[in-house]
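Note that ligands are numbered from 1 as they come in the structure, with each ligand's atoms numbered from 1 the same way. Any value given below was found using the heavy atoms of this structure, including those in side chains, with hydrogens, waters and symmetry copies removed.
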Amino acid sequence: MHIVHIASEFAPFAKVGGLGDALLGLTKAFQKNNHQIQLLLPKYAFLDYEELGATPYQPGVLTTLYHNVNLFFIETPGHFEEDTIYTGDERDALRFTSFTRYALKFLLSQNKRIDILHLHDWHTALAAPLVKLKLKNHKIGAVALNIHNLCYQGECDKSLLKEFPFKKPNLLKEGINYSDAVIFVSPNYSKEVLTEEYAFGLLRTLKKNEKKLYGILNGIDHEMWSPENDPALAVNYSNKDSLKKIIEAKQKNKELAQKELGLTKTKAPLVSCITRLVQQKGPKLIEKGLLFALEKGAQCVLLGSSPDKSMQRHFENLAKKYKDNPNIHFHFKFNDQLSRLLYAASDFTVMPSQFEPCGITQLIALRYGSIPIVRKTGGLKDTVFDLDDSDIPNDLKNGFLFTSYSSKAFNQAIHRALKAYNDDKTHVLIKQGMDRDYSWKKSALQYLDVYEKILK
Ligand code: ADP
């Protein structure tokens, strides 16, 4: 099949969160199965195209082969000069609708048959109504839209979509209406979005389109996230090693993290939180939970960056308050290297999300033997299974869950986790988490099923 993705992120060089990881994993998995994959991205000014080996393809388009994925960087005149992927304000709608238009123009100029045009989130959703309502004689078989996060919808000014009669344009909504398949990134989230609480105002649209909704779990790219080869670690390890060896390697990584972050050298459990600091991720619960864990004798690290200035300031003030405490550390940057060391070093990774379409963080944590303590929502519910849940087969158990979105419930889960750690009951969870295959293999096949279905 010839599959073309249009998206705003691609890991590791144009990544803000899980969207970038998902694009890398999904395109690589398909490339391996001999499909023809192209990914169109904006030509961001902050990228070093020489380093990426990109060469001119045609005026306004650069191309490179990255892990065998054909990437195209589409110039969008007047836009993407900033040093970030998103500006986070009203400019984004203009930036990404302009990019989507240029990307489609480029595809049409190639005049080749495309089986699947695959769009991602509101940023590129406009391509669906454009293809279905405005383009004549195109050679596109079907349009798929992936929703990585329903909360961001791209509500924009009418002037950006002059050719459509939409009264109050919402890019994601029109993407849902005009795509042949709408794919959410976990089975559980694809059901949750059909409730008022999770639909973010799109319940009617989603119900109307219910027949074309799917839920396919994101994987993680096993080459990109591999404790066996990761150069950021002090000592490498893998699920093929004995549990003893894994524990020893994790201890060495813990020592390196403690040294690098100025934490006390101790064997106390290390709890890490690696996250965008936004409402979705449960910032209040994170704050209270980490302080609770600290009080119970754990060490804690928060690696979090926030697009929200007041949120960032709040956490910076908290960091100031604890700056002389050698058992808690705050780091407010996006730092891939440090995240890798923390996944390897930590005993627990917390994610008290209010909602979570899939969550990549817990999948990486599982692979690096850091036990997830997460809220039972979205993709977290599909991937984390509680040690104390008697309905779950023992060999599936890999973490700790809580249900109610409250500090009390979260802290209770932390308490259970720390107690299990002290009682030596968590080792088995490390191994089972590492053994489970959360690669893209299975998910890629499910995507293929959807593609085949909508092509018919
Ligand atoms: P989301 O996409 O909603 O942010 P996910 O859990 O799906 O959440 O993906 C988050 C990804 O971003 C993971 O790969 C995680 O390791 C990474 N990440 C989040 N914050 C940081 C940070 N401050 N530094 C480095 N990596 C981060």
| task | Tell me, please, whether Y49 has K43 positioned over its six-membered ring: NZ or CZ under 6.0 Å from the ring centre and within 45 degrees of its axis? | result | yes

| Taking distance alone, with no angle check, do G18 and ligand 1 share an N/O pair under 3.5 Å? | yes

| query | Short N/O distance, under 3.5 Å, between N335 and ligand 1? | reply |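 Checking ligand 1 against N335, an N or O pair does fall under 3.5 Å apart.
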
Would you say that [X] contacts [Y] through its side chain, given a criterion of any heavy-atom pair below 4.5 Å between the two side chains?
{"X": "K212", "Y": "D180", "result": "no"}
{"X": "F10", "Y": "T27", "result": "yes"}
{"X": "T361", "Y": "T275", "result": "no"}
{"X": "T349", "Y": "C273", "result": "no"}

Contact with ligand 1 for [X], non-hydrogen, under 4.0 angstrom:
{"X": "G359", "value": "yes"}
{"X": "K281", "value": "yes"}
{"X": "F332", "value": "no"}

Which residue and non-hydrogen atom of the protein lie closest to [atom], and at what distance in Å?
{"atom": "atom 15 (C) of ligand 1", "result": "Y343 OH, 3.4 Å"}
{"atom": "atom 6 (O) of ligand 1", "result": "T361 OG1, 2.6 Å"}
{"atom": "atom 23 (N) of ligand 1", "result": "K333 O, 3.0 Å"}
{"atom": "atom 22 (C) of ligand 1", "result": "F334 CD1, 3.7 Å"}

Which pairs would a plain distance check flag for residues 246-256, meaning a side-chain donor or acceptor within less than 3.5 Å of a matching protein atom at least two apart in sequence or in another chain?
{"residue": "E248", "atom": "OE2", "partner": "K244", "partner atom": "NZ", "Å": "3.3"}
{"residue": "K250", "atom": "NZ", "partner": "Y343", "partner atom": "O", "Å": "3.3"}
{"residue": "K250", "atom": "NZ", "partner": "A344", "partner atom": "O", "Å": "2.7"}
{"residue": "K250", "atom": "NZ", "partner": "S346", "partner atom": "O", "Å": "3.0"}
{"residue": "K250", "atom": "NZ", "partner": "Y368", "partner atom": "O", "Å": "2.9"}
{"residue": "K250", "atom": "NZ", "partner": "G369", "partner atom": "O", "Å": "3.2"}
{"residue": "Q251", "atom": "NE2", "partner": "E255", "partner atom": "OE2", "Å": "3.2"}
{"residue": "N253", "atom": "OD1", "partner": "A234", "partner atom": "N", "Å": "2.7"}
{"residue": "N253", "atom": "OD1", "partner": "V235", "partner atom": "N", "Å": "3.3"}
{"residue": "N253", "atom": "ND2", "partner": "V235", "partner atom": "O", "Å": "3.0"}
{"residue": "N253", "atom": "ND2", "partner": "A249", "partner atom": "O", "Å": "3.0"}
{"residue": "K254", "atom": "NZ", "partner": "A268", "partner atom": "O", "Å": "2.9"}
{"residue": "K254", "atom": "NZ", "partner": "D347", "partner atom": "OD2", "Å": "2.8"}

| field | For I274, atoms of ligand 1 separated by under 4.0 Å from a heavy atom | value | 16 (O), 18 (N), 21 (C), 27 (C)

| query | Of L19, D21, I360, D336, which has the heavy atom at the shortest distance from atom 14 (O) of ligand 1? | reply |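 Ranked by closest heavy atom to atom 14 (O) of ligand 1, first place is D21.
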
| query | Just going by heavy-atom distances, which of R340, K15, R276 is nearest to atom 4 (O) of ligand 1? | reply | R276

| query | Does R416 pair with D386 as a salt bridge, N-O distance under 4.0 Å? | reply |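 Answer for the salt bridge query: yes.
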
| field | N-O pairing of D435 and K431 below 4.0 Å | value |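 A salt bridge is present here (some side-chain N lies under 4.0 Å from a carboxylate O).
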
| message | Tell me the contacting part of N218 for ligand 1: side chain, backbone, both, or neither, using a 4.0 Å heavy-atom threshold, strictly below. | response |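 For N218, no heavy atom sits under 4.0 Å from ligand 1.
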
| field | Pairs satisfying salt bridge (charged side-chain N to carboxylate O under 4.0 Å, His left out), at least one member in residues 369-384, at least two apart | value | none

